[in-house]
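Report on the following structure.
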2 protein chains.
Amino acid sequence: MSKKNITDPHEILRGYNIKITPQRLLVYSILVNSNHHLSVDEVYAKVLETLPSVSRATVYATLECFRKHNLVKSLRIDPERSYFETRTDWHHHFLCRKCGKVFDVEVKPCIPMKKCMVEEHLIEDFQGYFYGICKKCLDKK
Amino acid sequence: MSKKNITDPHEILRGYNIKITPQRLLVYSILVNSNHHLSVDEVYAKVLETLPSVSRATVYATLECFRKHNLVKSLRIDPERSYFETRTDWHHHFLCRKCGKVFDVEVKPCIPMKKCMVEEHLIEDFQGYFYGICKKCLDKK
DNA sequence: CTAGTTGCAAAAGCTTTGCATGCAT
DNA sequence: ATGCATGCAAAGCTTTTGCAACTAG
């Protein structure tokens, strides 16, 4: 069976015209296999488990490369650091001020999920951030 | 006439239980009188025009104090730096990727403009960020 | 072969902190 | 009088950069 699976990281990167390296395959797999939004440090830590010689600069370069090619999206819901995710459709996020966790929120965005004009500006991307106390932290109190 | 104007910075700060100092009055006036979203450095530069001995640390502390008391809101639409504004109702912002300017966007937010529950999380604050090319930069090309 | 990627170390830029002094109430 | 705010300098973090060596296509 030589039919390639469309979820094969090689195929994905090739489809986005991203040159394939072991580091990039690894970073992409880590992001795809995590259902969380990962910070650069979290990605870096996971990378080291498999390829201990990779440098932080490579992780930054790789994530920036993915972002430029629209393979991943970066979040800045937390002012302290960036998070990355492979889900690229427009959706909202929620940051819990107690535990610091980031959640997806399935609220319908206020404008269409595609490029459009708003007040004569060309909109290319969107981020909707909510801040508050998450379900779990509410229960604890 | 001794009736105090409600836009008097003294009264505003007092109303928010913020201890009054010359530095704080100045920072607040700068924010209120600017119709822009100001970065810390922009606030700091304007502060120095009036009180040249104020330190950057005081500006940071003051803005954080105002933010904690809900007198101002901070934006992180630009990953590089924070912006501050006195408009505290929920509204969207737009960052132009060409010129770097931040604009208000009067799109109706996707959830009510007050504390509410979304997917069992308590929502206390909201930021909606759009990214793209602004009207002016579109015209130039 | 050749452009693009990597790893390292250092630098950059924003923000926070520790501490002594000074001020608001 | 006293707790909080200020100013200064230094430190902390995330992120970027310069450069030489390497590697994918």
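In what follows, chains carry the letters A, B, and so on, assigned in the order in which the sequence lines appear, proteins first and then strands, with residues in each chain numbered from 1.
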> Rounding to a whole Å, what distance do you find between B:Phe66:CZ and D:dA5:C1'?
Replying inline: 12 Å
> To the nearest Å, how far apart are B:Glu80 CD and C:dT15 C1'?
Replying inline: 14 Å
> Which whole-number value in Å describes the distance from B:Tyr44 OH to D:dT6 P?
Replying inline: 14 Å
> Salt bridge check: are A:Arg87 and A:Glu106 linked by an N-O gap of less than 4.0 Å?
Replying inline: yes
> Choosing from D:dG7, C:dT5, C:dG7, which nucleotide comes nearest the side chain of A:Arg24?
Replying inline: C:dT5
> How close or far is atom P of C:dT25 from atom CG of B:Leu13, stated in whole angstroms?
Replying inline: 10 Å
>> With a 4.0 Å limit, can you tell me whether B:Arg76 has a side-chain N or O closer than that to the phosphate oxygens OP1/OP2 of C:dT15?
In response: yes
> Considering heavy-atom distances to DNA chain C, does B:Ala57 or B:Lys19 have its closest nucleotide positioned more toward the 5' end?
Replying inline: B:Ala57
> What is the distance from CG of B:Leu26 to C1' of D:dT6, rounded to the nearest Å?
Replying inline: 14 Å
>> Taking the basic N atoms (NZ, or NE/NH1/NH2) and the acidic carboxylate oxygens, is any pair closer than 4.0 Å for B:Glu49 and B:Lys46?
In response: no
> Separation of A:Leu51 atom CG from C:dG7 atom C1', in whole Å?
Replying inline: 13 Å
>> Taking 4.0 Å as the cut-off, does a side-chain nitrogen or oxygen of B:Tyr60 come that near to OP1 or OP2 on C:dT15?
In response: yes
>> On the nucleotide C:dG7, are OP1 or OP2 found under 4.0 Å from the side-chain N or O atoms that A:Arg56 carries?
In response: no
> Only one of B:Thr62, B:Thr58, B:Val54 forms a side-chain contact (heavy atoms from CB on, under 4.5 Å) with B:Val47, so which one is it?
Replying inline: B:Val54
> Between B:Thr58 and A:Ile18, who's closer to the 5' end of DNA chain D by nearest nucleotide?
Replying inline: B:Thr58
>> Assuming nearest nucleotide by heavy-atom distance, tell me which of A:Arg81 and B:Ser55 is located more 5' along DNA chain D.
In response: B:Ser55
> Between A:Leu25 (CG) and C:dT6 (C1'), how many Å, whole number?
Replying inline: 15 Å
> Rounded to the Å, how far apart are A:Arg67 CZ and D:dT15 P?
Replying inline: 13 Å
> Is there a path from A:Phe66 to A:Val32 through hydrophobic residues (I, L, V, M, F, W, Y) whose side chains come within less than 4.5 Å of each other?
Replying inline: yes
> Mapping B:Thr21 and B:Glu64 to their closest nucleotides on DNA chain C, which lands nearer the 5' end?
Replying inline: B:Glu64
>> Any salt bridge linking B:Asp78 with A:Arg76? Criterion: basic side-chain nitrogen under 4.0 Å from a carboxylate oxygen.
In response: no
> Just to confirm, is there a sub-4.0 Å distance from OP1 or OP2 of D:dT15 to any side-chain nitrogen or oxygen of A:Ser82?
Replying inline: yes
>> Does C:dC23 have OP1 or OP2 under 4.0 Å away from a side-chain N or O of B:Gln23?
In response: no
